[in-house]
There are 2 protein chains.
Amino acid sequence: MSQSGIDLDRSLGYLLKEASSALRTAMEEVLRPLGMSVTHYSCLELLAQRPGLSNSELARGAFVTRQTMNVLLQALERDGYVTRPAEAPVGKVLPARLTPRGQQSLEQASAAVRAVEVRMLSGMTETERSAAFRILRSMIHSLRDGDGNDGA
Amino acid sequence: MSQSGIDLDRSLGYLLKEASSALRTAMEEVLRPLGMSVTHYSCLELLAQRPGLSNSELARGAFVTRQTMNVLLQALERDGYVTRPAEAPVGKVLPARLTPRGQQSLEQASAAVRAVEVRMLSGMTETERSAAFRILRSMIHSLRDGDGNDGA
DNA sequence: TGACTCATGTCAGTATTCTGACATACATTG
DNA sequence: CAATGTATGTCAGAATACTGACATGAGTCA
């Protein structure tokens, strides 16, 4: 009752979490029939766009720890979706790549996820969509290091 | 130090996840010194705004399952942050409430989280902030049930 | 060259969350 | 009233992600 709390209905942070949760749920729903988790999909999508990404880079891109991504990569490698060289070309970094099977598997998942994203954008004008990009980037920038007084 | 900006930044879904992840990380950083997790804090904040919320309602509000919230509530009850009646006034629903200790604990956390949210909003104009609300609500609506062709 | 720092891949254990299951309580419907 | 459907609280086991730790390779600096 006092004023110590944050009004959740007016909190942009809460709304951000709500939207992210709704997106994740929607993605899980369309990926489940394909036998794929969100992290699983994220890994494949990242590799499709940037072949040769390392385990640690994939982990950062999928917002998990490198240990978690390592377990996933070993499973994907075992099941023939991904390949990694037995020895590192340079340093310890093992560049990962999609196999043809991995690419094929990704195509179905990618289409399903794209449909979800289209649905998410369906109620927005083109102006709002570009505003959304700008605003989210601003939030990320401000949260990452310190103040972020400079939005651009 | 392979530095690489990932092209996936063209996806609003990815950006949404990125922002949500950054927010969660920032919240964890300020809550850790208080010995509190994000879910822990969310539960207390929900109870402060809506005293008497049930376990299941708290779970939905904090975006976890009711089983997970139940485990948390039992711990909070054991440690004296929350109270629940021994028997349900009606049905099986046990209305939870903050103890004075719980309220006090929340006040510190709430201040810390509020600072994070202020930081997140720091680079945005007032117009952008209200646009952010509208846009996020639109996304949530469209993702929840089907099309969401009606944005306003 | 050697000391230092940083990032990486990986193993192991811990922690957290979820799924499955059950009994119970209320509302609805016939 | 009885049958059904929905929602709840809770226990137990499974899945998932995280923290800690170690060895290794590369870059930096004196």
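Below, chain A is the first sequence line, B the second, and so on; all start at residue 1.
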For [X] and [N], give me the distance from atom [atom1] to atom [atom2], rounded to whole Å.
| X | N | atom1 | atom2 | answer |
| --- | --- | --- | --- | --- |
| B:L94 | C:dA23 | CG | C1' | 15 Å |
| A:H40 | D:dT16 | NE2 | P | 12 Å |
| B:N55 | C:dA25 | CG | C1' | 16 Å |

N/O (side chain, [X]) to phosphate O (OP1/OP2, [N]) under 4.0 Å:
| X | N | answer |
| --- | --- | --- |
| B:T39 | C:dT16 | no |
| B:T65 | C:dC18 | yes |
| B:R84 | D:dT10 | yes |
| A:R60 | C:dT8 | yes |

Between [X] and [Y], does at least one N-O distance fall below 4.0 Å, as a salt bridge requires?
| X | Y | result |
| --- | --- | --- |
| A:E128 | B:R134 | yes |
| A:R10 | B:E117 | no |
| B:E87 | B:K92 | no |

Tell me whether A:R129 contacts the main-chain N or O of A:L121 through its side chain, where contact means a donor paired with an acceptor under 3.5 Å.
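A pair under 3.5 Å: yes.
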B:L23 and B:F133: same hydrophobic cluster, using ILVMFWY side-chain contacts below 4.5 Å?
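Same cluster: B:L23 reaches B:F133 through Ile, Leu, Val, Met, Phe, Trp or Tyr contacts under 4.5 Å.
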Taking B:L31 as the starting point, is it possible to reach B:L47 by hopping between hydrophobic residues whose side chains are less than 4.5 Å apart?
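Shared cluster, yes.
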With 3.5 Å as the limit, what N/O pairs link the protein to nucleotides 22-25 of chain D?
{"from": "D:dA23", "atom 1": "N3", "to": "A:K92", "atom 2": "NZ", "distance (Å)": "3.4"}

Relative to each other, are the rings of A:F63 and B:Y14 parallel, tilted or perpendicular (30° and 60° limits)?
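Taking B:Y14 first and then A:F63, their aromatic rings sit tilted (interplane angle of 30° to 60°).
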So, using ring pair (Phe, Tyr, Trp, His ring centres under 6.0 Å) as the criterion, who are the partners of A:Y41 when residues are at least two apart?
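With sequence neighbours excluded, A:Y41 shows a ring pair (Phe, Tyr, Trp, His ring centres under 6.0 Å) to no residue whatsoever.
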Residues from residues 28-38 of chain A sitting under 4.0 Å of DNA chain C, heavy atoms only?
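Those residues: none at all.
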Which is more 5' along DNA chain D, the nucleotide nearest A:F63 or the one nearest A:P89? Just name the residue.
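The 5'-side residue here is A:F63.
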Could you tell me whether the side chains of B:S42 and B:T39 share a donor-acceptor contact shorter than 3.5 Å?
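B:T39 and B:S42 do not have a side-chain donor-acceptor pair below 3.5 Å.
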Does a donor on one side chain and an acceptor on the other come within less than 3.5 Å for B:S37 and B:E28?
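Result is no, nothing qualifies.
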With side chain to side chain donor-acceptor pair (under 3.5 Å) as the rule and sequence neighbours excluded, what pairs involving residues 51-63 of chain B come up?
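Passing the test, one end in residues 51-63 of chain B: B:S54-B:E57.
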Which residues in residues 67-83 of chain A have a heavy atom closer than 4.0 Å to any atom of DNA chain D?
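DNA chain D contact set from residues 67-83 of chain A: A:Q67, A:T68.
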Intermediate values then yes/no, side-chain contact (heavy atoms from CB on, under 4.5 Å), B:T99 and B:Q103
CA-CA 6 Å; B:T99 63; B:Q103 289 188 24; over 6 Å; no
To the nearest 0.5 Å, how far apart are CG in B:L34 and NE2 in B:H40?
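Spacing of CG (B:L34) from NE2 (B:H40) equals 9.5 Å.
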Is the number of heavy atoms from other residues, nucleotides or ligands under 6.0 Å of B:Q104 CD greater than 12?
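No, not enclosed.
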Remember a base hit wins even if backbone is also touched, and classify B:S56 as base, sugar-phosphate or nothing at under 4.0 Å, heavy atoms.
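Counting heavy atoms under 4.0 Å across all strands, the contact made by B:S56 is with sugar-phosphate only.
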How large an angle, rounded to 10°, do the end axes of the helix from C:dT1-D:dA30 to C:dG30-D:dC1 enclose when each is built from five base pairs?
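The value is 40°.
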